[in-house]
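Read the structure below first, then the notes.
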Amino acid sequence: MANWTDETRIALDNMRDSVTGLFVPTIRLGVTGLSRAGKTVFITSMIQNLIEGDNLSLFAPLAEGRLIGAQLSPHPNAAMPRFAYEEHLKALKGEDRHWPQSTRQISQVRLTLKFQPDHWATAWAGPREVHLDIVDYPGEWLLDLPLLDKSYREWSDDALQKAHAPARANIAEEWLNLTLKADAAAPLDEELATRLSNAFKAYLQACRADEHALSALPPGRFLMPGDMDGSPALTFAPLPAPEATPKSDSLYAQMERRYEAYKNIVVRPFFRDHFARLDRQIILVDALTALNAGSDAVTDLEKALSEILTCFKTGNNPLWTRFFSTHIDKILFAATKADHMPHTNHDRLGEVLGLLVKGARQRAHYQGAETQSMALAAIRATHEGEVEHEGKMLKTIIGTPQKDESLGDKTYDGKSEIALYPGNLPENPDSIFEDEQSYKGKLKFLRFRPPVLDNAARQKSGLPHIRLDRALDFLLGDKLQ
């Protein structure tokens, strides 16, 4: 994953941080998830609830009265944009409430927590502080990490094989036809290279649409290029390898160079500067959208998560190694949007997620990391009710669908509250991997607006959530002892 230059840089960074953290230690929490899993909302709600400190009853340091307070602090990395916490909170709590814009660039935030230790060996010294550093970045960028261990040929073979699978063949038809006609051994034709790259990017974008909800779609910058749009490092596509070794000026050789440049310029610094130095990790997963798209989407999500998780440095952190190296010693897998289902389905949603990440959890345990999985909603947009249907009482969720959301022949105006029976998740989570029609479309899924808050809650109160306090207790509770 990392070469010797990266490892040396990582070790030097850890040594510097160890020295600066002698008086106020730092926890680096990675908030990770694929596109639309809710990273920005999670970070905003976590910060707001820790600052307000009145809505985290299962967060032990707060429940025990030892959390004195939390406040935002300047971040030491002045070269990185600051996470727009205040802007995101205003969007959620304002009169015209709406979800914050999805992450489009990397940003950072530091929260400083003050607490009273509960251990006899440290409590005598009085309150202590700890910095909580969080980095937010587009979920699509996660997809790049597995590329570090793949050659251009390996990546091309894998991409072409996936494109011929039944779930993707129709979506990939235009790009595959163009690829079939291209002569990889011929001299580079820049116009053809651009057409191949654009067709491949269009195929990836189509795969991500809700009706397909596919997840394994690298390279991530092809889905969200940012300020690199149109650069040579983003103008490449998979090609089948020619039978003979291609010449250096061939289309294939040029595509290979651009792929390697992409890894060195974009992916490797991202891994080195942000991923290789994490202490704790939460991985947010939008399992409901994949479930509703069918077993192909579920299988694809499982594969994407498995590949991504192999890139993390997991294991315990013995005291004698922390000065040079850091490993992720706790990982929380969280199925988001639990508020889209009644509470009777929350444990089932957690079980579905547990099945999706079973292999990753086993590897993390073997390497010495502690893991847990659960369903949560960083902000609860609905509440629950019941309706009678054919003599039976059905559990419903009640909320305001976003404008232009539709279900059947009904389109919503973004103002009216409705009661929705979303269906039930399977009692046996293994059934999600059955044939394509086994579960596809069985959930009634709508996107709801943020919840209406009364005047007091708008001014000063923790945002409503589901199990955010449990998540924070697992990730941070032992660091505040």
Side-chain angles (χ1 to χ4, degrees), residues 31-42 99 102 139-140 142-143 167 207-217 281-309 331-362 364 371-382 397 420 422-448 465-468 470-471 474:
V31 180
T32 303
L34 295 178
S35 178
R36 297 174 293 185
K39 296 181 303 303
T40 301
V41 170
F42 179 89
W99 299 109
S102 297
E140 289 84 356
L142 268 179
L143 302 168
C207 285
R208 189 173 59 163
D210 282 352
E211 61 266 30
H212 307 297
L214 298 174
S215 302
L217 306 170
Q281 181 71 53
I282 178 169
I283 299 169
L284 305 174
V285 183
D286 182 6
L288 288 176
T289 298
L291 278 170
N292 212 35
S295 58
D296 285 330
V298 171
T299 301
D300 202 67
L301 175 60
E302 180 191 32
K303 291 178 179 178
L305 289 171
S306 179
E307 282 198 347
I308 291 165
L309 290 165
I331 304 176
L332 177 63
F333 301 94
T336 57
K337 305 177 183 177
D339 57 332
H340 287 55
M341 304 293 295
H343 72 277
T344 50
N345 279 263
H346 292 172
D347 286 342
R348 293 184 186 182
L349 181 57
E351 290 170 359
V352 167
L353 176 63
L355 188 61
L356 288 172
V357 299
K358 181 179 179 180
R361 290 190 67 177
Q362 289 174 339
T371 69
Q372 193 175 118
S373 61
M374 68 173 66
L376 61 76
I379 295 179
R380 183 170 192 159
T382 68
I397 54 174
L420 174 70
N424 283 306
L425 295 173
E427 293 184 18
N428 175 19
D430 291 308
S431 65
I432 65 176
F433 292 107
E434 294 175 4
D435 64 275
E436 173 63 21
Q437 299 304 319
S438 64
Y439 210 73
K440 185 174 183 178
K442 291 188 177 180
L443 296 178
K444 294 182 178 65
F445 184 80
L446 288 170
R447 290 182 175 86
F448 291 91
H465 61 82
I466 297 174
R467 296 179 176 171
L468 176 64
R470 295 188 191 182
F474 175 76

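Heavy-atom basis, side chains included; hydrogens, waters and symmetry copies ignored.
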From [X] atom [atom1] to [Y] atom [atom2], the distance as rounded to the nearest 0.5 Å:
| X | Y | atom1 | atom2 | result |
| --- | --- | --- | --- | --- |
| Leu425 | Leu349 | CG | CG | 6.0 Å |
| Phe448 | Leu420 | CZ | CG | 5.0 Å |
| Asp296 | Leu301 | CG | CG | 12.5 Å |
| Thr336 | Met374 | OG1 | CE | 13.0 Å |
| Lys39 | Ile283 | NZ | CD1 | 12.0 Å |
| Glu427 | Arg348 | CD | CZ | 4.5 Å |

For [X], side chain to side chain contact (heavy atoms under 4.5 Å, CB included) partners two or more places apart:
| X | answer |
| --- | --- |
| Thr40 | Thr44, Phe83, His88, Pro100, Thr103, Asp136 |
| Thr344 | Pro342, Lys395 |
| Ala37 | Leu284 |
| Asp210 | Arg36, Thr289, Arg447 |

Do you know the tightest heavy-atom contact between [X] and [Y]?
| X | Y | value |
| --- | --- | --- |
| Ala338 | His346 | O-NE2, 2.9 Å |
| Ile379 | Asp339 | O-OD2, 3.5 Å |
| Ala334 | Ile282 | CB-CD1, 4.1 Å |
| Leu217 | Leu214 | CD1-O, 3.4 Å |
| Ala290 | Val298 | O-CG2, 3.7 Å |
| Val357 | Leu305 | CG1-CD1, 4.0 Å |

Can you list everything that forms a ring pair (Phe, Tyr, Trp, His ring centres under 6.0 Å) with [X]? Sequence neighbours excluded, please.
| X | answer |
| --- | --- |
| His465 | none |
| Phe445 | His340 |
| Phe42 | none |

With Arg361 via salt bridge (Lys or Arg N to Asp or Glu O under 4.0 Å) - residues at least two apart: none

Sequence neighbours left out, what passes salt bridge (Lys or Arg N to Asp or Glu O under 4.0 Å) with Lys337? Give chain and number order.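 Here the qualifying residues are Asp286.
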
In the structure I gave you, are the side-chain heavy atoms of Phe333 and Val285 within less than 4.5 Å of one another anywhere?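 SC-SC contact between Phe333 and Val285 ruled out.
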
Sequence neighbours left out, what passes side-chain hydrogen bond (donor to acceptor under 3.5 Å, both in side chains) with [X]? Give chain and number order.
| X | value |
| --- | --- |
| Thr32 | Tyr137, Gln281 |
| Arg470 | none |
| Glu307 | Lys150 |

Trace of the salt bridge (charged side-chain N to carboxylate O under 4.0 Å, His left out) decision for Arg208 with Asp300: CA-CA 11 Å; Arg208 189 173 59 163; Asp300 202 67; over 6 Å; no

